[in-house]
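Everything on this sheet refers to the single structure shown next.
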Amino acid sequence: MKHTDIKDILLTKDYISKSVTVCGWVRTARDSKNMAFLALNDGTTLNHLQIVIDKSSGIDFPTEAAKLGASLVVEGTVVENMNNQTPEINATKITVLGECPGDYPLQKKFQKLETLRESPHIRVRTNTFNAVFRVRSVMAAAIHRFFQERGYVYINTPLITGSDCEGAGEMFQVTTIGYSTEYKNKEEYYADDFFGKKAGLSVSGQMEGEVAAMGLGKIYTFGPSFRAENSNTLRHVAEFWHVEPEVAFAELPDIIELAEDMVKYILRDYMEKCPEELKFFEQRFEKGLTEKLENIVNNDFEVVDYTDAIELLKKADVKFEFPVEWGCDLQSEHERYITEQIYKKPVFLINYPKAIKSFYMKQNDDGKTVAATDLLVPGVGEIIGGSEREWDYDKLVNEMKARGMKLEDYKDYIDLRKYGSVPHGGFGLGFERMIMYATGMSNIRDVILYPRTVGNIR
Ligand code: 4AD
């Protein structure tokens, strides 16, 4: 259908006095005896275009055109509104494409995010979700640009896999047959399944990313990861988008530098390209958001040793729900205290105890810690997890054995340490968490089109 985007009409005065055709959904309607005013939105901008209908002009104005949510094609002349000088349209012809009955879920102007979650297919027609998804799109493009400009090769890693990268047993199983008592045991059942062995949805593209980096030097992946975590929190979903660079000839400080550069690049690009959306989030969701983002892009992130962080937490004048001791896995309340109360900025925590981290992380010389890092940010907590990888064959194999892992499931991965092994590392950014941080949206379910969480799929 030939038509003009509402964004273009509102952006300049170029269309004044011109005849145009626009399409959109009715956001508000005022209908009186002689005149009617519709606010039309086609999704191209957060702003609505006012359609003015002068009923005395003889225009055919069907009552269905004044219903919230109805979709219309409007022909008319662009004029300047006398009061606020914004362009609007004096309609000459209105066609209803799709009528919209009274049970349309967006009858009220402001709806709770919770209520909107019940209509994921309709909530995209609100300004909140328009802004979220536009920012998501701009940030995805920025991520690709960041890595492409630096010579990283974009790799698509498999989504179905035979090995659990994080070893945390949070994989969704992929099968074409249901388990039946006809099988003597699980092994027999898996052998009969599609791949002849147990398979699942990948929790991370890292293992295959390492394979690619060992030939291509610098790579990144950007795709979905799946985790069957039974955690009903504001920052976990079962299907999330994962950005994972992997770099050969790199150590932990190189990985930290890359992560900081990437986060700043994404935020700068977003602030430059989405001023309208940023203003909207500032007004509706997080006061001081712009200032927060400006501070982040203009200042260094903090790098703090896990051991030092534990000391700081122990001295803290607050009662945590989970007690803090060296060796404990930090809970969200601890992470947030570190980044929100102590440093008030993004913090890379480094050198975690070996026992609470994944098998593949490079073991430090102290024999107790690994060269891992998590990036913690105010408001959200962890948005990045990464590490230098153990590249010594014996150390890796011994660690896997100590954890009772089946070495044959990781043959390719171990081989990388056999044939020309090099220091290397990478990280994973949770894309939804990055969006939460950039927009001030506090629930991860509100930054993805269809959130998948425990007991929730449609
Ligand atoms: O810390 P994680 O588990 O690290 C890895 O998966 C590594 N293999 C990454 C790597 O080194 N290539 O996950 C990385 C990030 C987390 O910091 C978090 O932002 C996000 O992925 N994440 C989730 N996001 C939403 N919902 C979940 N259930 C998530 N689990 C992890």
Side-chain angles (χ1 to χ4, degrees), residues 131-132 134-147 149-150 220 222 234-235 240-245 252-305 308-309 312 330 332-350 373-386 426-444 446-447:
V132 164
R134 192 170 313 279
V135 167
R136 194 177 162 116
S137 162
V138 166
M139 291 198 345
I143 287 166
H144 280 291
R145 209 174 329 105
F146 173 82
F147 286 112
E149 281 172 5
R150 285 158 185 77
Y220 71 104
F222 189 175
L234 298 178
R235 49 185 209 149
F240 68 98
W241 282 70
H242 210 170
V243 181
E244 296 186 276
L252 190 63
D254 306 309
I255 298 309
I256 289 177
E257 192 182 321
L258 179 70
E260 181 166 340
D261 287 352
M262 180 197 71
V263 169
K264 287 180 171 169
Y265 182 100
I266 301 171
L267 292 179
R268 267 196 206 102
D269 194 65
Y270 153 57
M271 291 167 81
E272 188 193 310
K273 298 210 167 70
C274 305
E276 204 179 281
E277 287 77 6
L278 181 55
K279 200 167 125 207
F280 174 83
F281 289 124
E282 167 101 39
Q283 280 166 356
R284 294 284 304 278
F285 294 101
E286 187 177 332
K287 290 245 149 22
L289 178 64
T290 313
E291 201 189 330
K292 172 186 100 174
L293 298 177
E294 268 160 9
N295 271 328
I296 293 162
V297 297
N298 293 322
N299 289 294
D300 290 342
F301 294 4
E302 204 69 37
V303 180
V304 181
D305 207 277
D308 297 336
L312 291 169
L330 294 183
S332 168
E333 56 173 347
H334 309 132
E335 294 179 345
R336 295 189 62 168
Y337 187 83
I338 293 168
T339 181
E340 286 165 25
Q341 304 301 327
I342 306 181
Y343 293 101
K344 299 183 173 33
K345 57 154 118 165
V347 175
F348 285 105
L349 267 199
I350 59 168
T373 186
D374 281 356
L375 176 62
L376 314 178
V377 299
V380 185
E382 179 198 329
I383 62 167
I384 284 180
F427 64 79
L429 165 76
F431 188 43
E432 284 75 21
R433 293 196 188 169
M434 180 73 205
I435 299 165
M436 290 168 74
Y437 188 42
T439 59
M441 300 298 288
S442 56
N443 192 323
I444 196 165
D446 297 329
V447 296

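Numbering starts at 1 and runs along the sequence shown.
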For this session: Taking the side chain as every heavy atom from C-beta outward, state whether V135 and Y270 have any atom pair closer than 4.5 Å.
Result: yes

Exercise. Would you call the rings of Y220 and F147 parallel, tilted or perpendicular, where under 30° means parallel and over 60° means perpendicular?
Worked result: parallel

For this session: Determine whether I296 and V377 make a side-chain contact, defined as any pair of heavy atoms from C-beta on separated by less than 4.5 Å.
Result: no

For this session: Using a 4.5 Å cut-off on heavy atoms from C-beta on, say whether the side chain of M139 contacts that of I435.
Result: yes

Exercise. Looking at L312 and I342, what are the two nearest heavy atoms and their distance?
Worked result: CB-CD1, 3.8 Å

Exercise. Okay, side chain of R134, backbone of C274: is any donor-acceptor separation there less than 3.5 Å?
Worked result: no

Exercise. Under the 3.5 angstrom rule, does the side chain of K292 hit a backbone N or O of K287 as a donor-acceptor pair?
Worked result: no

For this session: Calculate, to the nearest 0.5 Å, the distance between atoms CG and CH2 belonging to L429 and W241 respectively.
Result: 13.5 Å

Problem set entry | Closest contact, heavy atoms only, P378 versus T339 | CD-OG1, 3.0 Å

Problem set entry | R145 bridged to D269 by N-O distance under 4.0 Å | yes

Exercise. Considering the options E276, E277, E282, Q283, which one meets the side chain to side chain contact (heavy atoms under 4.5 Å, CB included) requirement together with K279?
Worked result: Q283

For this session: May I ask you to test the L293-L278 pair for a side-chain heavy-atom distance under 4.5 Å?
Result: yes

Problem set entry | side-chain contact (heavy atoms from CB on, under 4.5 Å) between F146 and V263, intermediate numbers included | CA-CA 10 Å; F146 173 82; V263 169; over 6 Å; no

Problem set entry | Gap between atom CG of L376 and atom CD of E302 - 0.5 Å precision | 11.5 Å

Exercise. Roughly how far, to the nearest 0.5 Å, is the CD1 atom of I255 from the CD1 atom of I384?
Worked result: 11.0 Å

For this session: Could you tell me whether E149 atom CD has more than 12 heavy atoms of other residues or ligands within 6.0 Å of it?
Result: yes

Problem set entry | V304 vs I338 side-chain heavy atoms within contact, under 4.5 Å | no

Exercise. Would I256 and F301 count as a side-chain contact (heavy atoms from CB on, under 4.5 Å) if you check the C-alpha gap in whole Å, the side-chain angles of each, and the deciding distance to 0.1 Å?
Worked result: CA-CA 10 Å; I256 289 177; F301 294 4; over 6 Å; no

Exercise. Any Lys/Arg nitrogen of E335 or R235 sitting under 4.0 Å from an Asp/Glu carboxylate oxygen of the other?
Worked result: yes

For this session: Drop me the distance from F427's CZ to I383's CD1, to the nearest 0.5 angstrom.
Result: 9.5 Å

Seminar exercise, completed: Rounding to 0.5 Å, atoms CZ (F348) and CD (E260) come to a distance of 5.5 Å

Exercise. For the residue pair L289 and G440, what are the closest heavy atoms and their distance?
Worked result: CD1-N, 4.4 Å

For this session: Please step through side-chain contact (heavy atoms from CB on, under 4.5 Å) for the pair T373 and L252, ending with a clear verdict.
Result: CA-CA 8 Å; T373 186; L252 190 63; 4.0 Å; yes

Exercise. Going through the distances and angles, do E286 and F281 end up as a side-chain contact (heavy atoms from CB on, under 4.5 Å)?
Worked result: CA-CA 6 Å; E286 187 177 332; F281 289 124; over 6 Å; no

For this session: Can you measure from CZ (R136) to CD (E432) and round to the nearest 0.5 angstrom?
Result: 4.5 Å

For this session: Taking all non-hydrogen atoms of both residues into account, name the closest pair between P346 and L375 and its distance.
Result: CB-CD1, 4.0 Å

Seminar exercise, completed: All heavy atoms of V297 vs all of R268, minimum pair found to be O-NH2, 3.0 Å

Exercise. Looking at side-chain heavy atoms only, is the closest gap between N295 and K345 below 4.5 Å?
Worked result: no

Problem set entry | Sidechain-backbone polar pair: K264 side chain, D261 backbone, donor-acceptor under 3.5 Å | no

Problem set entry | pair F431-I143: side-chain heavy atoms closer than 4.5 Å | yes

Exercise. With a cut-off of under 6.0 Å to the ring centre and 45° to the axis, is R433 in cation-pi contact with Y437?
Worked result: no

